[in-house]
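Please read all numbers here as calculations on a predicted model, not as lab measurements. Letters A, B, ... mirror the listed sequences (proteins, then strands); counts begin at 1.
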Amino acid sequence: MKLNLALRELHRAERALAAGLLKVADRHRADHEIYHVARDLARWSQQHVHELAQVGQRYGLNLKDDPEEDSGLLAIVRGKASELAGRRPEPGLLLLADLRHLHRVAAGVSLDWELLAQGAQAAKDSELLSLARRCHPQSLRQMRWANAMLKVLSPQILAG
Amino acid sequence: MASHDRIAEPWGERAPYGPGESWPVRVDSHLASGIDADQVDRWVQSASLLHSNGDAMDIAVSGGRIVGVRGRAIDRVNHGRLDPKDLFGWQANSSPDRLTAPLIRQGGQLVDSDWDTAMDVVVRRSQELLEQQGPSALAFYTTGQLFLEEYYTLSVIAHGAIGTNHVDGNTRLCTATAAEALKESFACDGQPGSYSDVDHADVIALYGHNAAETQTVLWMRMLDRLAGPNPPVVICVDPRETPVAEASTVHLAPLPGTNVALMNGLLHEIIRNDWVDHDYVTAHTVGFDELAKQVADYPPERVAEICQLPAQQIREAARILGTAQHLLSTVLQGFYQSHQATAAAVQVNNINIIRGMIGKPGAGILQMNGQPTAENTRECGADGDLPGFRNWANDSHVAELARLWNLDQMQIPHYAPPTHLMQMMRYVEQGSIRFLWVSGTNPAVSLPELRRIRSILSQQRLFLVVQDIFPTETTELADVVLPAATWGEKVGTFTNADRTVHLSDKAVEPPGQARADLEIFLDYARRMDFRDKDGAPLPPWHDAESAFEAWKQCSAGRPCDYTGLSYAGLRDASGIQWPCTAEHPHGTERLYPDGQFWAAPEYCESYGRDLITGAPLEPTEYRAMNPAGKAVIKAAEYLPPHETTSDEFPLYLITGRTVFHFHTRTKTGRVPQLRAAAPQVWVEMSTKDADALGVSEGDLVEISSHRGAIHAAARISGIREGVLFLPFHYGYWDGANPDQHDRAANELTITDWDPVSKQPVFKTAAVRARRIGAGDGHAAPAPTNTASRPVAADIPPTRGGPAACDDEQLSTTGGAR
């Protein structure tokens with residue numbers, strides 16, 4: 001049974017995604033929609049981390065229940081830097097790079113949920129399957145959000 | 001003929017009527033003192049420009065001047081009635097403060113100029129930037145107060161001739177969520193209901209909609225039903241004790257920012273009790289199961305905790321909604337300008353959809369708007385949409401526009417939704433938009449977080465053109481100011497919140513060199529020498545009527561079809577509701593009577609967005625979800641507001657309007673009766689909060705947030721505990737010290753917007769309040785007969801006196817439907 005490996009990997013990836021969303025939010029504080037929505041979407045990943053930690057116990061895993069802690073100081077510095085750079089064009093390119101990265105991380109998480117769901121079906125673990133069915137759509141929405149923001153913002157950043 | 005002080009009695013005399021009966025006619029009029037009706041040279045047809053209700057009126061002209069107004073008895077919208085702002089507001093036209101010449105900035109100062117010089121500066125800068133950077137350097141920010149012909153012209157210039165994606169209106173602040181909520185539920189904009197639904201409804205639910213002050217004539221219709229036999233039951237959702245709340249059977253006053261939780265709680269009860277029209281849901285909708293699953297998590301007890309409401313009240317409201325026979329739902333800024341705006345407004349649609357209450361007399365939805373011509377901004381593509389409710393993500397729709405305008409399809413940006421205002425401001429901040437043309441709006445007072453907005457708009461590298469009728473806080477920042485004509489000084493059409501189209505004729509000449517906005521836009525197009533593919537001038541029209549005829553072609557076959565309308569047909573007649581075609585020459589009272597929607601993938605205006613992330617659905621996703629073009633039931637979870645109260649900022653702030661003023665008071669602040677009724681800013685707070693702060697009625701209070709601080713006199717009112725209200729009307733043009741920035745509510749508001757509709761959040765910010773001194777012994781300068789009604793009984797009531805008396809002629813017969 002390798003399900004515990006899949007659980008562990010997904011748990012790691014979701015924690016990274018939650019942290020990544022928060023990091024992008026802080027880095028782009030002056031892009032207010034990015035800031036607020038990224039923080040909203042980090043909640044989903046944090047909730048997934050929590051639920052994975054719970055279910056992990058059944059598979060003998062001791063997974064951390066808390067989100068990956070970013071140093072509060074670093075977040076403040078990033079937020080301030082974003083505000084100070086608010087008038088400059090360079091953060092636009094950085095934002096595209098960050099969204100592109102988030103899209104890839106979320107795509108990885110989405111695939112991991114798919115793997116977990118497949119494994120859960122084979123192992124006839126209906127609790128795990130229903131968890132995957134509940135969480136996977138949110139990973140897809142996180143991914144589509146990053147994609148959509150890239151599509152909307154890139155024309156002005158690249159041609160402006 | 002009766003006479004009423006319409007400042008003391010904003011809604012005038014009652015004319016009770018029963019369900020299914022026709023609303024009696026009451027003709028309101030007001031003429032300048034000393035003028036009698038027989039001294040009026042002529043009456044010129046128009047409609048209201050100081051709110052969105054679309055009340056038809058005639059303008060009285062004597063000796064080449066406007067001397068008064070009279071409601072049009074034959075009109076379906078108002079049956080002769082007028083709002084107090086309309087009875088008195090016409091006086092602003094002849095204010096000595098009007099802009100009468102173009103101004104250009106020289107040596108840091110705005111100086112008088114002429115049209116040739118000013119337009120030459122604008123054209124030269126446009127051409128330089130087009131050469132240096134291309135269309136992405138230019139942006140247009142317009143309003144909800146020009147005419148249809150003007151928006152369409154601007155839309156063709158921006159989307160077509162220049163080919164920039166940056167076109168939006170201040171409708172972003174007022175009606176963006178109304179449009180978006182309709183696009184989410186019906187895949188297309190278009191008001192489903194009609195004002196005449198008030199005549200038939202047995203339950204009227206007003207969600208964040210203080211109709212008594214925002215659409216007074218619609219409220220008069222409701223009041224007349226309430227005064228008649230078998231009156232409707234009213235449900236009110238509002239944190240303030242508004243006149244609507246006072247008339248309601250259930251008044252829900254949720255904590256700001258919790259509307260989605262409340263709506264999910266109401267839907268939870270409706271579904272749990274199976275007050276659902278399953279036949280309708282099966283035949284005409286998709287998505288019900290998803291909704292049932294989502295709202296299962298919102299039992300009244302949980303919702304009560306989130307919204308800080310009694311659970312029993314939620315159950316009672318749900319029972320009334322769930323057992324209504326003819327349910328009319330209306331929505332406005334309490335939802336649109338709050339957290340999770342679209343998600344909340346869509347849940348109102350969902351109640352009517354799952355109860356099968358759409359498109360029948362008395363059973364409908366009114367997603368309202370705040371401005372007189374906001375509907376046209378939406379239709380014409382001057383507000384972040386493409387003209388004729390065309391879908392930017394559907395290439396065949398863009399190809400239609402390219403054919404209409406005789407342009408290459410590549411010339412019309414459609415790689416992403418048109419840029420919304422708040423994003424434009426970000427691009428200006430970053431320096432990639434370097435030319436911004438603002439028409440008919442005052443962002444330096446009306447946008448959130450004013451310190452930021454002032455700093456963005458006063459950048460040296462930005463070329464700012466402002467077109468308006470008065471000097472404003474925004475013209476102060478401009479490089480070029482263009483003086484415009486207004487209502488009564490130009491010809492055009494406009495459409496109200498229930499799709500009624502009115503013609504507004506020219507009564508008098510504009511002052512000085514002021515010109516109609518249409519003339520200004522066309523002049524710009526000619527000087528820029530915009531051409532179509534074959535070298536013909538673009539736009540090809542030359543006046544209002546030819547622009548209207550061109551718009552008819554653009555609207556043909558689309559939901560907002562105007563092809564059956566004409567200037568001749570609108571003259572001397574009632575307003576007419578679109579769609580109006582050769583087959584339906586009298587227009588269309590209600591949309592979707594048979595559960596058929598404009599939602600087919602190849603026809604619809606929008607594929608919709610994710611209600612939480614705001615991401616647009618891809619065409620393939622929409623096709624898979626809704627291949628048959630049914631109504632879409634969309635569910636959303638509640639998310640906590642982005643700014644919540646804390647020890648430092650323990651109160652919520654909401655902003656809004658009073659019945660006596662419009663926007664930043666550029667007009668209403670120059671009208672004696674209206675100015676006197678609400679002369680200065682005030683802040684409303686509950687008795688409990690006032691006691692905790694040691695504040696008495698009239699005391700001076702400092703209110704501050706993370707963004708700034710302002711001063712206002714305290715009005716102790718029936719607002720819910722923990723919430724302060726500030727009117728957003730008061731800027732700095734008539735303030736004692738214009739550089740203090742201590743009066744505008746938007747000094748405090750947060751930069752945040754609904755990710756779906758992109759409407760800024762004005763009603764969910766955290767603030768603190770501190771008493772800084774006693775008032776001058778008087779009560780706060782707030783009206784006593786509106787939502788700002790004081791709790792104390794000994795406050796002198798708001799009165800207008802003899803100068804504020806109208807004439808009201810009540811007739812016993814009903815008016816046009």
Worksheet item: Non-hydrogen atoms of chain A under 4.5 Å away: do they reach the side chain of B/Pro755, the backbone, both or neither?
Response: both

Fill in: Over 12 non-hydrogen atoms of neighbours within 6.0 angstrom of CZ in B/Arg707
yes

Item to complete: Let me know if B/Asp610 has heavy atoms under 4.5 Å from chain A in its side chain, its backbone, both or neither.
Response: side chain

Practice prompt. With the side chain counted from C-beta on, respond yes when A/Glu33 and B/His420 share a heavy-atom pair under 4.5 Å apart, and no when they do not.
Written response: yes

Practice prompt. Step through the shown structure and confirm whether more than 12 heavy atoms of other residues, nucleotides or ligands are within 6.0 Å of CD on B/Glu290.
Written response: no

Worksheet item: With a 4.5 angstrom heavy-atom cut-off, which part of B/Glu643 approaches chain A: side chain, backbone, both or neither?
Response: neither

Worksheet item: Contact part of B/Glu637 toward chain A, heavy-atom cut-off under 4.5 Å: side chain, backbone, both or neither?
Response: side chain

Worksheet item: Using a heavy-atom distance cut-off of less than 4.5 Å, which residues of residues 35-45 of chain A contact chain B?
Response: A/His36, A/Val37, A/Asp40, A/Leu41, A/Arg43, A/Trp44

Worksheet, complete the sentence: Okay, B/Ile612 and chain A: the region with an atom under 4.5 Å from a heavy atom over there is both

Response to the item:
Pair count under 4.5 Å, heavy atoms only, with chain A: among B/Lys758, B/Arg609, B/Arg434, B/Met422, highest is B/Lys758

Practice prompt. Could you tell me whether the side chain of A/His32 reaches within less than 4.5 Å of the side chain of B/His642, counting heavy atoms only?
Written response: no

Discussion item. Which heavy atom of B/Tyr427 sits nearest to which heavy atom of A/Val152, and what is that distance?
Written reply: OH-O, 4.1 Å

Worksheet item: Who passes side chain to side chain donor-acceptor pair (under 3.5 Å) against B/Ser606, sequence neighbours left out?
Response: none

Fill in: Residue-level interface, residues 113-149 of chain A with chain B, non-hydrogen cut-off under 4.5 Å
A/Gln138, A/Arg141, A/Arg144, A/Trp145, A/Ala148

Item to complete: Could you tell me whether the side chain of B/His166 reaches within less than 4.5 Å of the side chain of A/Gln156, counting heavy atoms only?
Response: yes

Worksheet, complete the sentence: The reported gap from CG in A/Asp31 to OG1 in B/Thr751 (rounded to nearest 0.5 angstrom) is 12.0 Å

Fill in: Neighbourhood of chain A inside residues 447-456 of chain B, taking heavy atoms under 4.5 Å as contact
B/Arg452, B/Ser455, B/Ile456

Fill in: B/Ala416 versus chain A, the contacting section by heavy-atom distance below 4.5 Å
side chain

Practice prompt. Check the surroundings of atom CZ in A/Arg100: do more than 12 heavy atoms from other residues, nucleotides or ligands lie under 6.0 Å from it?
Written response: no

